[in-house]
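Before any comments, here is the structure.
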Amino acid sequence: MSNRADIVPVTAEHDAEWWRQAAVYQIYPRSFSDSNGDGLGDLKGITSKVPYLKELGIDAVWLSPFYPSALADGGYDVDDYRNVDPRLGTLEDFDEMAAALHAAGIKVIVDIVPNHTSNRHVWFQEALASPKGSPARARYIFRDGLGENGELPPNDWTSIFGGPAWERITEPDGTPGQWYFHLFAKEQPDLDWDNPEVHEDFIKTLRFWSDRGADGFRVDVAHALKKDMDAELPNLEHLHRADLFRNGEHPLWDRDEVHTVYSEWRKVFNEYNPPRTAVAEAWVHADRRARYASPEGLGQAFNFDLLQADFDAEQFREIIAKNLAEAAATGASSTWVFSNHDVVRHATRYGLPKGGGRRGHGQDGVDWLLEGGDPSQVDAERGLRRAKAATLLMLALPGSAYLYQGEELGLQEVGQIADEDRQDPTFFRNRGVEVGRDGCRVPLPWDAAPAEGSSFGFGSNGSHLPQPAWFADYAENVQEKDPGSTLAFYRRALALRHELQGAESLGWQDSSDDDVLHFVRPGGWHVVANFGTAPVVLPEGEVLIASAEVDGGKLPGEATVWIRAQH
Ligand code: GLC
């Protein structure tokens, strides 16, 4: 037995806090690594990359859905919540993957999609085969249509992916019948969360994955579960703007009752040791986010504020201060994110002429995609320079940092994808208004010139979304050897983050320059971020890492540095 005083035993209690400052890496399984050459990434592919993930230095992975699915919405249309898509592997492959990740010290977070099932789910199939008013229909939201023969939808609500939010079914006897509600694609019928059976089934799913080694859950559209389907909307334009409502009175979004679901789930999470964690995807008004993040609820909620901000010191400062205060008040820890599978990659957003991601969901990026997604309109070098600066700033913040696969390679969004290759339902249902999210879901380039296959080492036989030729420049095996690469930068930043992490506090330092943010973390760890273009003089100390070369004690424009102050 060691008697060294500096060894802190990892007790269950200690470990229960692992999520508070975790760096979580999002894997979009179908586009990460393909082990069997069918063009789709799979669980064995993830297992084969565990050494890569370990070296990257992340604390946890969050896996987007890998469940059986017809992929009407990239897997967010789940056929069976307690199984693995046979194209992605088996439950045994999941166990093997989870064991390999755990052995590497990496936690596993799985995605739970409670708002809707897929239309191929056994429950929905049963609902279609059962009569109106049956218990099978009562798990979903079925209504009679309006008009003489019920030929009109029950109301004029539209779905998020465009088009009506209601779909008419054919009754078992072959006649046109009732309508069901779908907030997203028509292949994603919404569940009725007033039905106790729905509650019970999701608790079963939470236990199923917790028992199999999931350490936590990412909860998809967590703010939509409870609905008032009889309500009149003040205005159809408000239908999908949860952020406009601060009083829990919107018929579809962020209703107060939704938290009864999460207090139930919290009891399940706390049955485990360490308790299972959860993070809510809830696009709600910032003042109401804390409810999702409460320790009696999910514990954490995504804060998408930085993702939606411009590359601007004042905006960043305000967002950071507000979110840290909010987290401190509730006992949650803050979350930070710039990229995920739903938005244009931040290295591209920041390289667009407007240079930001404002107007919700990175609207500048959406506009660029709509205009044709021409890479020549993106200043990729500048985009990456700013993305690295923003990321280094984020990695220095108290709270947990969510990273999206490929950002560690500095990958740009693929703006140009032929119509026939597109997969995202937002493209098909919203033609001309949105292009969809396929461009950030293109499989990763692992090898610039692979001996086998044509998918840059993603697999041996193509990739389900085509990769552009310029992906070779970002390949992992090229960056792996280059100490100046984006990958080397992420590895170093993540390693240092572990070394430096302390209490969840931050002290702002005065800066005479409006474009500069300067704060200190415990232990004299200084962070200076320069959002302007002119170089700035740095405080004295050892430069630990910088997103661009520090020369003569000066930090260049659009760059961040970490400095250990000299005592
Ligand atoms: C969430 C997911 C998104 C999906 C939607 C419907 O917003 O992140 O990818 O399309 O929910 O499940």
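Whatever order the structure lists ligands and atoms in, that order sets their numbers, starting from 1. The figures that follow rest on heavy atoms only: side chains count, while hydrogens, waters and symmetry mates do not.
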State whether W253 and K227 meet the cation-pi test: NZ (Lys) or CZ (Arg) under 6.0 Å from the six-membered ring centroid, and within 45° of the perpendicular axis. no
Test: R276 cationic atom under 6.0 Å from F269 six-membered ring centre, within 45° of axis: no
Using distance alone, with no hydrogens and no angle criterion, decide if Y76 and D111 have a side-chain donor and acceptor under 3.5 Å apart. yes
Looking at every heavy atom in both K226 and W193, which two are closest together, and how far apart are they? NZ-O, 3.0 Å
Under a 4.0 Å heavy-atom cut-off, which residues neighbour ligand 1?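 Near ligand 1, by chain and number: D73, Y76, H116, F161, F184, Q188, R218, D220, E281, H341, D342, R437, R441.
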Return the orientation label for the H250 and F245 ring planes: parallel under 30°, perpendicular over 60°, tilted otherwise. perpendicular
Ion pair present between E326 and K322, side-chain N to carboxylate O less than 4.0 angstrom? yes
